[in-house]
Amino acid sequence: MASEATRHRSWAEPYKIKMVEHLKMTTRAERDAAIREAGYNTFLLKSEDVYIDLLTDSGTSAMSDRQWAGMMLGDEAYAGSRNFYHLEEAVREIYGYKHLVPTHQGRSAEHILSQIAIKPGDVVPGNMYFTTTRLHQELAGGRFVDVIIDEAHDSASEHPFKGDVDLAKLERVIAEYGADHIPYVCIATAVNMAGGQPISLANLRAVRALCDKHGIRVIHDATRVAENAYFIKEREPGCADMTIAAIVRAICDLTDGCTMSAKKDALVNIGGFLALNDDDLFDAARNMVVVYEGLHTYGGMAGRDMEAVAIGLHESVDYEHIKARVGQVAYLGRKIHEFGVPIVVPIGSHGVFLDAEAFLPHLDQDVYPAQTLAAELYLDSGVRSMERGTVSAGRDPETGQDRRPKLELVRLTVPRRVYTQAHMDVVAESVAEVFDHRDAIKGLRMVYEPAQLRFFQARFEPVA
Ligand code: P61
């Protein structure tokens with residue numbers, strides 16, 4: 001029998017399909033009308049008009065039969081639901097954090113943490129911004145400061161851990177503002193805006209040591225920690241024999257708590273939490289959750305949803321699952337790369353990120369190359385993707401000017417356990433088709449701009 005390590009064995013799903021959902025096929029004329037009606041913003045398309053939906057991996061996973069069975073065990077009591085205790089147990093077992101505050105999704109955990117920990121004038125260093133995380137820090141009177149390594153902002157850099165913190169940058173921030181004005185350092189695993197790029201255990205250990213020296217907390221955005229753990233196992237010296245669960249635990253043990261959108265790694269359609277080791281911070285968070293989310297034993301989730309999260313957390317650290325999940329993303333990325341299309345390398349955890357600036361070099365950032373490319377891809381094949389460039393970066397609250405991010409990307413985000421390899425082929429072929437006709441593509445201008453998180457609802461028109 002061939003060994004497990006044979007180079008002829010590719011990734012494959014450790015599950016089979018029990019139920020299917022019909023997809024509507026559309027014509028180019030129908031898509032043309034749909035994207036115009038949506039103001040050339042893929043967030044505003046009706047999902048019915050989408051063939052392959054790679055907008056996000058958030059809340060779009062297929063749940064397992066075990067999770068669905070767990071839904072039937074929902075204890076919908078207002079207080080003290082048994083499912084809360086199952087979730088608390090799962091968080092303690094898998095992540096090791098002491099206290100759990102359930103929330104309805106990730107940004108609610110960010111809201112509560114920001115409100116209880118940040119004072120006006122504080123700064124929060126982090127390994128690249130995330131849209132909702134930064135906004136909640138700003139709404140609490142704080143300011144986000146980027147301390148990720150420079151390679152993370154370079155789509156072509158092959159650095160294996162582009163999520164790493166630049167310790168010299170972090171030291172400079174501490175020296176400039178003082179530890180008293182840094183409520184915590186915010187460390188994301190599988191850094192989303194960098195292209196799903198991992199942080200290494202060695203780097204996190206060094207961050208921890210530096211923060212310990214100055215008495216600063218480390219808070220972890222654990223949204224895709226299991227995916228990060230897979231890359232550590234694959235790439236970090238000395239980690240190949242560790243289980244995914246052991247690596248996840250090692251990451252969490254280096255941090256003081258986490259915010260979590262359970263809609264990603266944890267394989268559910270809704271849910272999240274804040275987990276903390278500090279008793280006082282937990283007390284403050286528990287007081288806050290009842291104001292904004294619901295009682296501290298459900299935090300905006302139904303009992304059945306908490307059960308599905310608890311089961312999903314266990315499934316998320318299964319090696320075969322995570323290998324197939326990241327393997328499918330890599331398959332799509334390699335296929336697109338083979339067509340000569342510029343993408344962020346190394347291929348990330350949860351999606352393939354097209355480099356829209358290199359794809360459409362004739363378009364200035366003022367006409368939103370990534371927004372334009374996402375609309376063109378939809379027009380070509382009904383594949384929905386997400387802009388992650390100038391529109392997402394928004395305006396600087398101090399200057400009011402558009403931020404001009406170094407990364408102007410389109411994210412093809414792969415939902416977990418949902419699409420087949422043939423779907424991935426269709427996506428790659430469509431990207432190649434649009435690439436072949438890229439010279440004829442013109443940009444967009446924004447005709448409606450919401451005040452907060454503008455990318456969700458902004459509207460555009462083609463430039464003449
Ligand atoms: C996503 F366009 N992510 O990637 P919530 N932290 C991290 C996330 O990835 C994340 C949240 C916190 C989404 C949904 C989304 O600009 C956008 O459960 C690393 O969505 O509240 C969410 O978790 C927030 C899409 C969020 C966006 C913000 O597609």
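Being a predicted model, the structure only gives us computed values, none of them experimental. Counting starts at 1 for both ligands and their atoms, following the listed order.
Taking only nitrogen or oxygen atoms, main chain and side chain alike, Thr56 reaches within less than 3.5 Å of ligand 1. Polar contact check, Gly106 against ligand 1: a nitrogen or oxygen pair lies under 3.5 Å apart. Considering both main-chain and side-chain atoms, Thr132 never comes within under 3.5 Å of ligand 1 through any nitrogen or oxygen pair. Ligand 1 has no N or O atom lying under 3.5 Å from any N or O atom of Thr133, backbone or side chain.
Ring orientation note: the planes of Tyr292 and His111 are nearly perpendicular, at an angle over 60° on the 30°/60° scale. Relative orientation of the Tyr298 and Tyr78 rings is perpendicular, given thresholds of 30° and 60° on the angle between their planes. The aromatic rings of His423 and Tyr51 stand perpendicular to each other, their planes meeting at an angle above 60°, with 30° marking the opposite boundary.
Within the 4.0 Å heavy-atom cutoff, Arg224 counts among the residues contacting ligand 1.
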Salt bridge (charged side-chain N to carboxylate O under 4.0 Å, His left out) evaluation trace for Arg417 with Glu13: CA-CA 8 Å; Arg417 310 192 290 207; Glu13 297 85 351; over 6 Å; no
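Contact annotation for Met260 and ligand 1: no heavy atom of the residue comes within less than 4.0 Å of the ligand. In Arg411, the part holding a heavy atom less than 4.0 Å from any atom of ligand 1 is the side chain. Proximity of Arg107 to ligand 1, defined as any heavy-atom pair under 4.0 Å, is shared by backbone and side chain alike.
When all heavy atoms of Lys264 and Ser61 are compared, the closest pair comes out as O-OG, 4.2 Å.
Listed by number with element, the atoms of ligand 1 under 4.0 Å from a non-hydrogen atom of Met386 are 2 (F), 25 (C), 29 (O). Within ligand 1, counting atoms from 1 as listed, the ones closer than 4.0 Å to a heavy atom of Phe43 are 2 (F). Of all the atoms in ligand 1, the ones that sit under 4.0 Å from a non-hydrogen atom of Lys264 are 3 (N), 5 (P), 9 (O), 10 (C), 13 (C), 14 (C), 18 (O), 20 (O), 22 (C), 23 (O). Distances below 4.0 Å separate heavy atoms of Arg388 from the following atoms of ligand 1: 2 (F), 16 (O), 17 (C), 27 (C). Below 4.0 Å from some heavy atom of Asp221 lie the following atoms of ligand 1, by number and element: 6 (N), 7 (C), 12 (C), 19 (C).
Side-chain contact annotation: Asp164 with Ser200, donor-acceptor N/O pair under 3.5 Å present.
Checked options Val447, Leu444, Thr372; the residue passing with Tyr40 is Leu444 (criterion: side-chain contact (heavy atoms from CB on, under 4.5 Å)).
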